[in-house]
Amino acid sequence: MALSCVVSAASFCGLRAVLAGVGLGLVMTGSALAELRYAGSDTVEPVVEAARIAYARGHAGYRLQIQASGTTPGFRELCAGKVALVGASRPIKPEEAQACTSNGVQYTELPAALDAVVLVVSSQNTWLKDLSLKEIQTLFEPAAAGRLMRWKQLRPTLPDLPIQVAGVGIKHGTFSFFSESVGLKGFVRSDFKDFAEHGATGHYVAGEVGALGFMPIGDARALEGQVRIVGVDFGAGVVHPRQEEVLAGRYDRLSRIVYFYLNPAQLAKAPAQDVEFVRLLLGDMERFVQFANMIPMRALQYQENIRRTAFTR
């Protein structure tokens with residue numbers, strides 16, 4: 001399936017600016033907050049933002065509360081029955097599902113998009129073109145702290161510049177996914193710079209020529225011109241996370257599915273506009289995923305999502 005729309009970094013920033021303006025207008029008019037609240041992954045949040053902008057254009061006064069604090073906190077909110085819509089950069093874990101069951105919370109899992117976790121360097125970095133999976137592991141492993149401190153140590157042909165590695169912290173599904181995918185099982189070097197959200201990782205990397213960070217591809221594309229994506233050799237040659245490579249499975253262990261989790265019981269109690277918003281989000285998911293610079297699922301998956309959430313008021 002071809003990706004028919006990938007917005008530029010400037011367009012994505014404009015999208016956020018429009019969103020901020022809409023929110024400001026609602027505060028000034030004193031409109032009541034909507035009952036629907038999004039919690040969870042900041043990887044998936046831009047998809048919700050795109051849908052919110054589209055819906056707000058035809059529904060003046062509508063406001064959705066967004067709390068993108070990470071996948072794990074989002075699941076805690078879901079299983080406590082506090083939120084109707086959660087974004088997740090990984091599937092729910094058995095112990096989290098059990099917490100939902102114990103609290104009488106039912107949910108529907110909805111695949112939202114394909115994602116690739118990418119390695120990025122500053123656009124000023126002209127010398128690091130690719131890394132092998134073994135080199136990535138070597139750079140991030142706990143034993144590297146205090147020992148592997150300069151790029152020349154990793155590969156003699158690289159400059160004698162200091163290494164800084166960065167990404168989001170442990171509460172984020174992206175951290176768990178990345179560390180497990182490269183064989184580190186949640187443990188990274190002690191001088192790893194962890195950030196609260198992916199944009200902060202990108203801005204840090206953009207300003208440090210020796211920095212290397214990991215982030216979802218949508219966030220990396222939104223910072224085009226400030227950061228550059230590095231190719232990865234998984235053992236069969238260097239692969240770049242282009243759409244066709246991800247869809248074909250060639251971006252190997254660093255590609256994944258991201259999700260929405262819906263609490264139908266809580267949504268059934270929400271105002272009519274909240275229900276309409278969720279219908280829009282699900283019904284035009286492919287467009288919103290493209291706006292977020294992510295890779296859409298196949299059309300049949302989105303049709304199945306709609307079928308599984310055929311709720312009525």
Side-chain angles (χ1 to χ4, degrees), residues 1-9 11-23 26 34-66 68 74 83-89 107-116 216-219 221-222 243 246-247 256-264 266-268 270-313:
M1 175 174 55
L3 184 63
S4 58
C5 171
V6 177
V7 299
S8 66
S11 299
F12 188 81
C13 291
L15 176 69
R16 289 187 180 275
V18 170
L19 179 60
V22 171
L26 290 172
E35 291 184 23
L36 185 68
R37 183 162 64 90
Y38 168 87
S41 170
D42 61 340
T43 301
V44 186
E45 177 198 8
V47 179
V48 180
E49 289 184 346
R52 179 168 69 169
I53 290 171
Y55 188 74
R57 285 173 181 156
H59 299 80
Y62 182 76
R63 183 176 179 181
L64 174 70
Q65 299 180 65
I66 292 182
V83 64
L85 182 66
V86 165
S89 58
Y107 56 81
T108 303
E109 180 185 88
L110 306 169
L114 292 170
D115 182 37
I217 192 170
D219 292 272
R221 286 173 169 172
Q243 177 177 326
V246 175
L247 285 171
R256 60 180 176 175
I257 298 172
V258 295
Y259 302 86
F260 283 114
Y261 284 77
L262 191 67
N263 181 336
Q266 186 156 38
L267 187 62
Q273 282 196 334
D274 288 337
V275 178
E276 290 174 4
F277 170 78
V278 174
R279 289 187 194 278
L280 174 69
L281 173 66
L282 298 180
D284 209 359
M285 181 78 75
E286 181 174 354
R287 180 165 66 100
F288 300 137
V289 166
Q290 290 171 339
F291 242 87
N293 280 319
M294 298 173 73
I295 301 169
M297 309 287 291
R298 301 197 182 277
L300 285 175
Q301 180 62 66
Y302 293 130
Q303 293 168 16
E304 174 64 13
N305 287 353
I306 293 170
R307 187 192 68 78
R308 295 181 61 214
T309 53
F311 48 83
T312 58
R313 289 186 61 81

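In this text, all values refer to a predicted model and were calculated from it rather than measured experimentally.
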* Could you give the distance from OH (Y261) to OG (S41), rounded to the nearest 0.5 Å? -> 11.5 Å
* Below 4.5 Å, heavy atoms only, C-beta onward: do V44 and F260 meet side chain to side chain? -> yes
* Taking atom CG of L114 and atom CZ of R256, what is their separation to the nearest 0.5 Å? -> 11.0 Å
* To do: Name the orientation class of the two ring planes belonging to H59 and Y55 (parallel below 30°, tilted from 30 to 60°, perpendicular beyond 60°).
  => parallel
* May I ask you to decide if V83's main-chain N or O and R37's side chain share a donor-acceptor pair within less than 3.5 Å? => no
* To do: Give a yes or no on whether the backbone of E45 and the side-chain of D42 come within a donor-acceptor separation of less than 3.5 Å.
  => no
* Asked: Between the main-chain N or O of A50 and the side-chain N or O of R287, is there a donor-acceptor pair closer than 3.5 Å?
  -> no
* Asked: Hey, mind stepping through E109 and Y259 against side chain to side chain donor-acceptor pair (under 3.5 Å) and telling me if it holds?
  -> CA-CA 7 Å; E109 180 185 88; Y259 302 86; 4.9 Å; no
* Nearest heavy atoms of F288 and A54, plus distance in Å -> CE2-CB, 3.8 Å
* Asked: Could R52 and E49 be called an ion pair, given the rule that one side-chain N must be under 4.0 Å from one carboxylate O?
  -> no
* Contact check, side chains of D115 and T43, non-hydrogen atoms, under 4.5 Å -> yes
* Determine, step by step, whether R308 and L282 satisfy the side chain to side chain contact (heavy atoms under 4.5 Å, CB included) criterion, reporting the C-alpha distance in whole Å, the side-chain angles of both residues, the deciding distance to 0.1 Å, and the verdict. => CA-CA 11 Å; R308 295 181 61 214; L282 298 180; over 6 Å; no
* To do: State, to 0.1 Å, how close Y302 and A112 come at their nearest heavy-atom pair, and which atoms those are.
  => OH-O, 2.7 Å
* **Straight-line distance of L281 CG to L85 CG, nearest 0.5 Å** => 6.5 Å
* Structure fact -> On a heavy-atom basis, the closest approach of V246 and A116 is CG2-CB, 4.0 Å
* To do: Go through R279 and T309 one step at a time and tell me if the side chain to side chain contact (heavy atoms under 4.5 Å, CB included) criterion holds.
  => CA-CA 9 Å; R279 289 187 194 278; T309 53; over 6 Å; no
* To do: Write down the atom of P111, the atom of N305, and the distance for their closest heavy-atom approach.
  => O-ND2, 2.8 Å
* To do: Work out which heavy atom in Y38 is nearest to a heavy atom in V86; give both atom names and the distance.
  => CE1-C, 4.0 Å
* Asked: Would L300 and Q303 count as a side chain to side chain contact (heavy atoms under 4.5 Å, CB included) if you check the C-alpha gap in whole Å, the side-chain angles of each, and the deciding distance to 0.1 Å?
  -> CA-CA 5 Å; L300 285 175; Q303 293 168 16; 3.5 Å; yes
* Asked: Taking all atoms of both residues into account, what is the closest heavy-atom pair of M294 and V258, and its distance?
  -> CE-CG2, 3.6 Å
* Is there a side-chain contact between E276 and L280, using heavy atoms and a 4.5 Å cut-off? -> no
* To do: Decide side chain to side chain contact (heavy atoms under 4.5 Å, CB included) for L64 and V48; before the verdict, give the C-alpha distance in whole Å, the side-chain angles of both, and the deciding distance to 0.1 Å.
  => CA-CA 9 Å; L64 174 70; V48 180; 3.5 Å; yes
* **Side chains of L267 and V278 in contact at under 4.5 Å (non-hydrogen atoms)** => yes
